[in-house]
Each structure stands twice: as C-alpha cells, then as structure tokens.
Amino acid sequence: MENREFDAIFYDLGGTLRLVERDAEFEAEARRKIAEMCGETTMTPDEFCEFLDYRYVGYRKWCFKTMKEASEEELWTKWLAPEYPRDLILKNAIELTIEYRNKDGRRVVAPNGAQSVRDMYENGYKLGIISNLVTSQEIPRWLKEDDLEKYFGAVLLSCVEGIRKPDPRISDKACKMLGVKPERCVYIGDNLNRDVEGTRAAGYGMFILYTTPEKLAQEKITDENRPDAIIFDFAELKELFPKAPNVAWDKIRKV
C-alpha cells in the first residue's frame with residue numbers, strides 16, 4: 001500500500017462533506033411546503049410528513065435490496081404520494097424532494113470541508129463526488145452557490161444514475177469520467193460498510209474514513225471493513241496529499 005500513488009480523490013456527501021444542522025424553524029417551514037406542494041389539507045404538515053416517513057421506510061428497503069435509486073418523479077408518484085394528483089406531484093417532485101430532506105435539518109459543509117476541496121485541487125488531484133442521494137438538484141445548486149462546482153470533474157448522484165453504493169458500477173463510472181484508473185483513486189466516506197464495500201469492489205486504491213474519535217470508538221472494525229486511513233478533520237488532507245500523485249504515508253492515521 002505505502003508505495004501507491006493517487007491521481008483522484010472522491011468525496012461522499014451525507015455524513016462526510018455535508019452534515020445536518022438542526023433548525024426547528026427551518027424544518028417546520030419545509031414540512032409546511034411539502035403539504036402545500038402536494039395539496040394536502042386533511043392533515044397537519046407534521047402529520048403528513050410522519051405519513052410520508054412511514055412510506056419512505058418501504059422505499060428504503062427496496063433500495064437496499066436492489067441497490068437501485070428512484071428518480072424524484074418515481075419516488076413521489078410510486079412510493080410517497082401515489083394517490084395525490086399526478087400532474088401536481090410531477091410538477092413539484094424536485095422541490096418536494098429537497099424539502100423532504102430539509103424537514104430533518106439544514107445541510108451545512110463539514111468544518112474545513114470546502115477548503116480541503118480547494119487544497120486538493122491546487123495540489124493537483126482530480127476531484128469527484130459519489131453519493132447516495134434522492135435529490136438531483138440540491139448538490140448542483142449548493143456547488144454553484146458556494147463556488148465549488150469548478151473543482152469537481154465528476155458528480156455522481158444515485159437518483160440520477162439509478163444505482164447506489166455499494167454497487168461498484170457507480171464508482172467505476174466516476175473513474176471513467178475523470179479518466180483515471182480505479183487503483184489510483186481515493187474515496188473519503190463515513191460508512192464502513194456501504195462506502196468500503198462499494199469502492200473496494202470497484203478497485204479503488206484507498207478508502208479514508210471521516211469520523212470522530214467518539215464514533216470511531218463505537219465502530220466494529222473487521223478485516224473486511226478496515227479503512228486504509230482515518231481523518232477527524234478535513235484540514236488533515238492538505239498534509240496527507242501534499243502534491244499529486246504523492247501521499248505522506250508517515251502522517252497516515254490507521255486503526
């Protein structure tokens with residue numbers, strides 16, 4: 001491992017580059033918008049969203065079983081709100097999905113996350129995003145608003161691709177988009193099962209777990225899910241990957 005070199009770094013999003021920040025007022029407004037966009041008048045926004053959450057559990061079971069992801073339109077017309085006016089749901093599907101995520105909190109960039117993107121790009125690494133996500137527009141909008149889109153040569157979201165991690169095809173496609181070999185790619189994620197399994201099945205050369213010391217103490221590390229490195233702060237990446245394709249192996253934290 002320690003003689004390997006890398007050309008590209010891929011980021012996971014939820015729980016990694018983007019975290020959830022609770023905001024009661026923000027969440028309540030999202031629930032109100034969801035009910036309004038569906039034309040729901042018989043339940044309160046809170047009751048309606050609890051109803052949608054119940055249905056979402058069934059959808060998630062299907063996702064895990066098939067390793068597929070539905071488009072926003074299919075998510076709402078087939079799984080979450082099939083009895084509501086189809087034309088209305090189709091019209092609002094994209095915004096409904098964004099607000100459905102917003103009802104559970106505001107998404108914010110992890111500390112030093114944005115700067116790490118700029119640092120890795122300046123250090124010569126190609127960058128990409130591979131994430132299981134039900135919304136196709138939330139990430140492009142965020143990247144544009146934060147002036148980060150220019151740094152990423154590949155952004156693959158499961159709801160757009162129709163497949164989700166750990167299916168290795170999504171990781172393989174990301175490599176092809178950047179024109180890099182899988183064994184020369186690094187993936188940074190927060191899930192020891194889904195992220196490790198998918199990227200290793202695709203032949204990625206290195207998996208980095210982004211976590212906290214507290215969370216790490218609760219993890220069950222096995223030979224199958226053991227990460228190649230661990231970071232507690234995205235600021236660490238600047239030292240670990242000083243200049244493409246090099247790695248500062250003496251600074252790698254392992255478990």
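Every heavy atom of this structure was used, including side-chain atoms; hydrogens, water molecules and symmetry mates were not.
Counting heavy atoms from C-beta outward, K103 and E29 have side chains that stay 4.5 Å or more apart. Between D195 and D190, the closest side-chain pair of non-hydrogen atoms falls below 4.5 Å. The closest side-chain heavy-atom distance from R107 to V20 is below 4.5 Å. Within the 4.5 Å cutoff, the side chain of E69 has heavy atoms near those of the C63 side chain. Counting heavy atoms from C-beta outward, P111 and L19 have side chains that approach closer than 4.5 Å. Put simply, the side chain of C175 reaches to within 4.5 Å of the side chain of P182, judged on heavy atoms. The shortest side-chain heavy-atom distance between L75 and V134 falls under the 4.5 Å cut-off. Annotation: side chain of K165 is in contact with side chain of D12 (closest heavy-atom distance under 4.5 Å).
At a threshold of 4.0 Å, the pair E99-R32 does not count as salt-bridged, since none of the basic side-chain nitrogens sits closer than that to a carboxylate oxygen. Looking at K150 and D147, a side-chain N of the basic residue comes within less than 4.0 Å of a carboxylate O on the acidic one, giving a salt bridge.
Under the side-chain contact (heavy atoms from CB on, under 4.5 Å) test applied with E138, the options L13, T97, L157, I98 reduce to a single match, I98. Between F10 and the choices S171, C185, S131, the side-chain contact (heavy atoms from CB on, under 4.5 Å) rule is met once, by C185.
Ring geometry, F6 versus W249: the interplanar angle falls from 30° to 60°, so the pair is classed tilted. Ring geometry for W79 against Y59 counts as perpendicular: the plane angle is over 60°, on a 0 to 90° scale with 30° as the lower cut.
When the shell of 6.0 Å around CZ of R55 is examined, it contains more than 12 heavy atoms from other residues, nucleotides or ligands. Heavy-atom contacts from other residues, nucleotides or ligands closer than 6.0 Å to CZ of R194 number more than 12. Around atom CD of E239, no more than 12 heavy atoms belonging to other residues, nucleotides or ligands sit under 6.0 Å away. For E83, the CD atom is densely surrounded, since the number of other residues' heavy atoms within 6.0 Å is greater than 12.
For F234 and Y210, the ring centers are positioned less than 6.0 Å apart. Taking the six-membered ring for Trp, F51 and Y54 have ring centres at least 6.0 Å apart. Ring centers of Y56 and Y100: under 6.0 Å apart, within the cut-off.
Judged purely by atom type and a 3.5 angstrom limit, D233 uses its side chain to pair as donor or acceptor with the backbone of A235.
Rounding to the nearest 0.5 Å gives a distance of 9.5 Å between CG of N191 and CG of N225.
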Worksheet item: Between E27 and N102, does a side-chain contact (heavy atoms from CB on, under 4.5 Å) hold up when you go through it step by step?
Response: CA-CA 6 Å; E27 295 164 26; N102 287 343; over 6 Å; no
Fill in: side-chain contact (heavy atoms from CB on, under 4.5 Å) evaluation trace for R118 with L148
CA-CA 8 Å; R118 291 187 283 266; L148 293 174; 3.8 Å; yes
Discussion item. For a side-chain contact (heavy atoms from CB on, under 4.5 Å) check, start with the C-alpha distance between L216 and I230, then their side-chain angles and the critical distance, and finish with the verdict.
Written reply: CA-CA 9 Å; L216 182 61; I230 294 168; 3.8 Å; yes
Worksheet item: Would C38 and L96 count as a side-chain contact (heavy atoms from CB on, under 4.5 Å) if you check the C-alpha gap in whole Å, the side-chain angles of each, and the deciding distance to 0.1 Å?
Response: CA-CA 8 Å; C38 287; L96 274 169; 3.8 Å; yes
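Residues I94 and L90 do not share a hydrophobic cluster, clusters being chains of Ile/Leu/Val/Met/Phe/Trp/Tyr side chains in contact below 4.5 Å. Neither Y187 nor M67 shares a network with the other; the hydrophobic side chains, linked directly or stepwise wherever heavy atoms of I, L, V, M, F, W or Y lie under 4.5 Å apart, form separate groups for each. Neither L88 nor W76 shares a network with the other; the hydrophobic side chains, linked directly or stepwise wherever heavy atoms of I, L, V, M, F, W or Y lie under 4.5 Å apart, form separate groups for each.
Defined by atom type and a distance below 3.5 Å, a donor-acceptor pair is missing between the side-chain atoms of T211 and E219. Side-chain atoms of E40 and T42 form a donor-acceptor pair, as typed in the model, at a separation below 3.5 Å. Side-chain atoms of E183 and Y204 include no donor-acceptor pair closer than 3.5 Å.
Under a cutoff of 6.0 Å and an axis angle of 45°, R18 and W142 form a cation-pi pair.
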